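Both ligands and their constituent atoms are indexed starting at 1 by order of listing. These figures come from a predicted structure and were not determined experimentally. Residues take their numbers from the sequence shown, with the count starting at 1.
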Amino acid sequence: MNSIQLLFAAAILTGAVETRIIPRFDGLLMELTSSEPIACSIDVTGYSVNVRPGDEVLLPDAYLPFWVLGWELDTDSCGFSIELTDAVDSLEYSLAEDSLTLLLFFRAAEPLLFPELTWNGPPDEPDYGMFDPQYSDSSTIAALELGQQSPWLSDFDCVVIDPGHGGRDPGAVGPDGTYEKDRTLEIALLVRDILNICRPELDVIITRNTDCYMSLGARTRLANARRADLFISIHCNASTRSAANGFETFFLSRARTDDSRAVEMLENSVVEYDDTNDHVFDDPLSFLLADIAQNIYLERSSSLAVAIQESLQDRFPENINRGVKQAGFYVLRGALMPSVLVEVAFISNPEEERTLKTLDFRLAAAEAIVDAVLNFAEEQ
Ligand SMILES: [Zn+2]
């Protein structure tokens with residue numbers, strides 16, 4: 001990979017500027033927050049950010065893997081420039097509509113190594129012998145093309161629980177080193193176990209029950225192949241603002257709100273390292289079918305999302321209810337049934353990271369999800 005030098009010219013930041021970085025296995029997400037609108041333009045020859053003299057730029061914590069970037073702090077001009085090294089493949093950015101928050105994602109050329117995590121070549125994805133939904137299930141395709149729901153949805157008898165991330169993809173990493181993939185697995189296993197106890201006739205399928213990598217496409221393919229009536233992906237949120245807290249639930253939509261963009265960017269970024277190349281949305285037909293399915297299940301997905309939020313609110317009255325949101329998550333795209341993605345807490349928030357480690361919290365979160373599933377089942 002050639003050294004890419006990006007110049008962030010004329011990034012004039014007036015007012016207080018805060019800079020934070022979240023390390024991910026596939027790159028670094030950096031957020032600049034200002035009380036005054038940020039003006040910026042991008043040039044591919046280098047990168048620099050200038051701030052008004054006297055403003056303080058808070059550099060990220062020392063433990064972050066700075067070897068990825070060659071940092072140069074230019075104190076004279078009250079700005080700093082970043083020279084991208086060979087380790088960085090590309091820079092993606094997004095400026096919030098109010099221009100107060102600028103997100104930069106430095107995509108790593110090679111996966112970043114975290115303690116106990118290594119890049120092990122091909123994904124250790126289990127082989128489920130799944131059918132390819134767009135070519136082998138003609139009755140489903142026919143129904144979708146008529147704008148009808150998947151034919152198996154008349155009986156509510158199967159739920160797929162999807163613990164986010166896994167294996168070489170740790171998801172978000174908390175300030176104390178907690179991996180999202182571990183917490184999501186623990187919560188998902190509890191959801192499965194509780195559902196098995198209180199609704200033994202319901203078929204509860206978990207996309208992974210160990211710490212293994214699974215592509216995003218394989219997760220919904222599994223749900224489609226098993227003719228699931230519901231797909232719930234469980235995640236822990238992360239923000240570049242360590243104070244961000246609370247729970248939120250998403251359903252699939254093309255309409256993206258500004259505050260959903262960062263979450264979407266984090267949860268989708270795994271796709272870049274997904275060499276299985278099996279995303280349901282890769283070819284035109286399945287893209288179209290995914291679109292139709294999305295519209296058919298929009299209402300029920302959103303009501304499930306509302307139910308989960310209410311249920312979480314009941315269990316965690318002290319925590320912030322961030323509401324139901326819409327975003328373009330790849331992991332939901334291709335699900336031929338109602339589907340949601342729930343972010344139970346912020347692993348990037350030191351306090352919530354601590355709570356995520358407690359069984360009490362995980363049990364209550366799992367119970368909240370189960371309550372919502374059971375309510376949803378009643379209404380079908
Ligand atoms: Zn996640």
Side-chain angles (χ1 to χ4, degrees), residues 22-29 31 103 105 107 111-112 114 117 123 160-191 206-208 211-220 223 231-242 244-252 256 259-274 279 305 308-309 312 322 324-335 339-349 352-353 355-357 361-362 365-366 369:
I22 292 184
R24 280 189 53 90
F25 84 113
D26 51 359
L28 297 178
L29 184 69
E31 186 184 70
L103 282 170
F105 184 67
R107 194 172 287 288
L112 309 182
F114 290 98
L117 271 179
V160 167
I161 306 298
D162 173 47
H165 312 279
R168 71 188 190 214
D169 170 20
V173 183
D176 200 29
T178 312
Y179 294 146
E180 177 184 358
K181 64 172 184 173
D182 296 327
R183 301 287 94 97
T184 59
L185 178 59
E186 288 160 348
I187 295 168
L189 288 170
L190 286 169
V191 172
I206 198 156
T207 52
R208 66 176 179 95
D211 180 22
C212 65
Y213 178 81
M214 197 174 181
S215 74
L216 298 180
R219 295 169 195 251
T220 41
F231 179 88
I232 301 179
S233 196
I234 298 173
H235 290 253
C236 304
N237 222 331
S239 171
T240 46
R241 278 183 298 275
S242 67
N245 60 347
F247 49 89
E248 57 194 1
T249 305
F250 292 85
F251 63 96
L252 188 66
R256 297 185 299 176
D259 45 343
S260 303
R261 194 174 295 154
V263 181
E264 187 185 303
M265 194 185 265
L266 282 172
E267 302 294 11
N268 284 347
S269 55
V270 64
V271 170
E272 289 296 314
Y273 279 107
D274 209 335
H279 305 300
I308 290 178
Q309 281 301 109
L312 284 167
R322 302 170 65 91
V324 169
K325 293 177 180 172
Q326 306 181 35
F329 293 119
Y330 292 146
V331 72
L332 300 183
R333 194 159 175 82
S339 59
V340 296
L341 185 148
V342 52
E343 304 270 4
V344 294
F346 276 80
I347 203 165
S348 54
N349 177 310
E352 295 205 345
E353 181 188 25
T355 3
L356 276 164
K357 287 180 186 170
F361 176 87
R362 299 197 302 266
I369 293 168

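Proximity of a side-chain donor or acceptor of R183 to a complementary backbone N or O of K357 within less than 3.5 Å is not detected.
For the side chain to side chain contact (heavy atoms under 4.5 Å, CB included) test, residues two or more places apart in sequence or in another chain that qualify with A305 are T249, F251, V324, V340. Under the side chain to side chain contact (heavy atoms under 4.5 Å, CB included) criterion, D182 pairs with Y179, not counting sequence neighbours.
The name of the N, O or S atom in H235 nearest to the Zn ion (ligand 1) is ND1.
Note on C236: not counted as a metal contact of the Zn ion (ligand 1), no N/O/S atom lying under 2.8 Å. The Zn ion (ligand 1) has E180 among its coordinating residues (N/O/S atom, backbone or side chain, under 2.8 Å).
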* Audit row: I234, V191, side-chain contact (heavy atoms from CB on, under 4.5 Å) steps and yes/no -> CA-CA 10 Å; I234 298 173; V191 172; 4.1 Å; yes

